[in-house]
Amino acid sequence: MATQRSSARRLRVAGEQLCNTDGMQAILKFADSLRELQRQAAQQYQPVVDDILRTRSRDTQHIEHTLDRLLDFCGHEPVLQMYKKLCRHYWDIDPAATAYYVNAYREHWDSNEQGIDP
């Protein structure tokens, strides 16, 4: 019994030490960098998506290239919204290709409870 308490105490102390280590600081710094990268992606792709939608572009290569790039950042809500809008636009042009992108999103990002509709 004393051995179990001692082991539990060591684990708790080790956990507290982990929270105060340089490793944890590195993880937090990485998370901040990732959020900044997501923000930049949203900022850079917004005009691209807006232009495709505004001009009703049918340039499949450009649309697919944009969807490919957006997919990497769909964990960030503003990018996900752009991805959805672009998929809805693309559905009228190429439903099969759009279905591929919807499935790519689901495989990469989606949990079992939610999804996106074309």
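Just so it is clear, the structure is predicted and the values come from calculations on it, not from any experiment.
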Shortest non-hydrogen separation from H89 to S57 and the atoms involved
NE2-O, 2.7 Å
Y105 and L80, any side-chain heavy atoms less than 4.5 Å apart:
yes
Rounded to the nearest 0.5 angstrom, the CG-CH2 distance for L71 and W109 is 8.0 Å
dist Y83:OH -> R88:CZ (nearest 0.5 Å) comes out at 12.5 Å
Value rounded to 0.5 Å, distance of CZ in R106 from SG in C74:
12.5 Å
Separation between CG of L86 and NZ of K84, rounded to the nearest 0.5 Å:
13.5 Å
I'd like a table of donor-acceptor pairs (distance under 3.5 Å, sequence neighbours excluded) in which one partner is a side-chain atom from residues 60-68, with atom names and distances.
| from | atom 1 | to | atom 2 | distance (Å) |
| --- | --- | --- | --- | --- |
| E64 | OE2 | Y90 | OH | 2.4 |
| T66 | OG1 | H62 | O | 2.8 |
| D68 | OD1 | Y101 | OH | 3.0 |

Are V79 and L53 grouped together when hydrophobic residues (ILVMFWY) are joined by side-chain heavy atoms under 4.5 angstrom apart?
yes
Sequence-distant partners of R39, salt bridge (Lys or Arg N to Asp or Glu O under 4.0 Å), two or more places apart:
E36
Which atoms form the tightest heavy-atom contact between C87 and T98, and what is the distance?
O-CG2, 3.3 Å
Starting from I27, can I reach L34 by hopping between I/L/V/M/F/W/Y residues whose side chains sit under 4.5 Å apart?
no
For R58 and I93, work out which heavy atoms get closest and say how close.
NH1-CG1, 3.5 Å
Which pairs count as side-chain hydrogen bond (donor to acceptor under 3.5 Å, both in side chains) when at least one residue sits in residues 47-56, sequence neighbours excluded?
Q46-D50, D51-R54
Tell me, do K85 and M82 make a side-chain contact under 4.5 Å, heavy atoms counted?
no
